[in-house]
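Read through the structure below, which is laid out as structure tokens, and then see the notes.
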There are 2 protein chains.
Amino acid sequence: MLGEKLKELRESKRLLQRQVAAELKVNTAYISKMENNDKPVSKSYLSKLALLYGVSEKELYTLWLADKVYDVVKDQDVALKAMEVAEEEIKSKRKEKN
Amino acid sequence: MLGEKLKELRESKRLLQRQVAAELKVNTAYISKMENNDKPVSKSYLSKLALLYGVSEKELYTLWLADKVYDVVKDQDVALKAMEVAEEEIKSKRKEKN
DNA sequence: TTAACTTGTCCTGTATTGGGCAAATATACA
DNA sequence: TGTATATTTGCCCAATACAGGACAAGTTAA
């Protein structure tokens with residue numbers, strides 16, 4: 001999800017992986033892997049990528065986090081149920097805070 | 001969430017941590033930590049616990065997975081949004097399968 | 001006071017990250 | 001068509017993080 005987004009953004013900006021790689025000071029293989037979900041995107045690059053692509057860091061971070069959640073539950077048949085339970089927990093913790 | 005459940009179940013069965021610990025062949029400190037969410041519950045114990053407490057392994061597994069999800073998103077202000085995005089991804093992947 | 005539970009610290013082993021490098025593929029284009 | 005450029009893929013590796021506990025000491029509850 002973050003990978004696809006990054007690819008979309010890069011293409012919409014007409015940038016080459018080579019250019020993005022230079023910006024992040026990594027090689028193109030790593031960029032390719034990020035965009036294809038072969039490697040997790042390192043959190044530390046989110047701000048640079050957001051700046052480069054002109055989107056908010058929050059947007060990228062949300063997708064980054066969604067990827068992490070997805071990794072946890074993918075292929076599990078109780079995935080949706082588990083997420084629902086976790087969601088309720090989040091909500092109830094938030095209420096406590098107030 | 002799994003921790004609380006395990007504690008509930010144990011108490012409803014009138015078992016001591018010592019007894020459960022013996023069953024799993026670990027010491028009571030570890031049991032205590034599982035029940036208090038100080039340590040993740042090892043997946044490999046779920047079946048034994050389910051048997052011991054007379055509940056389905058699936059039920060415990062769902063809570064176990066919910067814990068994992070919760071760990072990923074807790075304290076993040078985009079938690080709910082991220083989960084929602086991940087949920088959509090799960091659903092769309094499932095549709096693909098058919 | 002004793003048994004039950006919790007907490008802090010420590011340790012070992014395994015898994016995961018964050019990459020690089022080289023080779024293989026795909027794409028564009030003259 | 002050939003060839004250069006872009007991208008992907010496979011394999012590798014070091015560093016770090018995390019799991020799965022043990023143990024001892026501290027607390028709590030009967």
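Letters go in sequence order (proteins before strands), and every chain restarts at 1. Values in this document were obtained by computation on a predicted structure and should not be read as measured data.
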Axis-to-axis angle between the two ends of the helix from C:dT1-D:dA30 to C:dA30-D:dT1 (five base pairs per end, rounded to 10 degrees): 40°

Side chains of residues 77-88 of chain A: which donor-acceptor pairs under 3.5 Å do they make with residues two or more places apart or in other chains?
from	atom 1	to	atom 2	distance (Å)
A:E87	OE2	A:K91	NZ	3.1

Side-chain contact test, heavy atoms from C-beta onward, threshold under 4.5 Å: evaluate it for A:L6 versus A:L63 and give yes or no. no

Rounded to the Å, how far apart are [X] [atom1] and [N] [atom2]?
X     : N      : atom1 : atom2 : value
A:L16 : D:dA4  : CG    : P     : 18 Å
A:Q17 : D:dT8  : CD    : C1'   : 8 Å
B:M34 : D:dG21 : CE    : P     : 7 Å

Scan residues 8-21 of chain A for pairs that pass salt bridge (Lys or Arg N to Asp or Glu O under 4.0 Å), counting only residues two or more places apart or in two chains. A:R10-A:E35

Pairs in or reaching into residues 64-74 of chain B: which pass side-chain hydrogen bond (donor to acceptor under 3.5 Å, both in side chains), with residues at least two apart or in two chains? B:D71-B:K74

If you round to the nearest 0.5 Å, how far is CG of B:L65 from NZ of B:K43? 8.0 Å

Restricting to side-chain hydrogen bond (donor to acceptor under 3.5 Å, both in side chains), what partner residues turn up for A:S47, sequence neighbours left out? none

Partner residues of A:S12 under the side-chain hydrogen bond (donor to acceptor under 3.5 Å, both in side chains) criterion, sequence neighbours left out: none

Please tabulate, for side-chain N and O atoms in residues 48-61 of chain B, each donor-acceptor pair with protein atoms closer than 3.5 Å (sequence neighbours left out).
from	atom 1	to	atom 2	distance (Å)
B:S56	OG	B:E59	N	3.0
B:E59	OE2	B:K5	NZ	3.3
B:Y61	OH	A:Q76	OE1	2.6

Side-chain donor-acceptor distances from residues 23-34 of chain B under 3.5 Å, at least two apart:
from	atom 1	to	atom 2	distance (Å)
B:N27	OD1	B:A29	N	3.4
B:N27	OD1	B:Y30	N	3.3
B:S32	OG	B:N36	ND2	3.4

Under the side chain to side chain contact (heavy atoms under 4.5 Å, CB included) criterion, do B:N37 and B:M1 qualify, and how do the steps go? CA-CA 8 Å; B:N37 304 309; B:M1 334 166 73; over 6 Å; no

Residues from [range] lying under 4.0 Å of DNA chain C - heavy atoms:
range                     : value
residues 36-44 of chain B : B:N36, B:D38
residues 18-30 of chain B : B:R18, B:T28, B:A29
residues 54-74 of chain B : none

Opening and closing nucleotides of DNA chain C in contact with chain B, under 4.0 Å to non-hydrogen atoms: C:dA4 to C:dT9

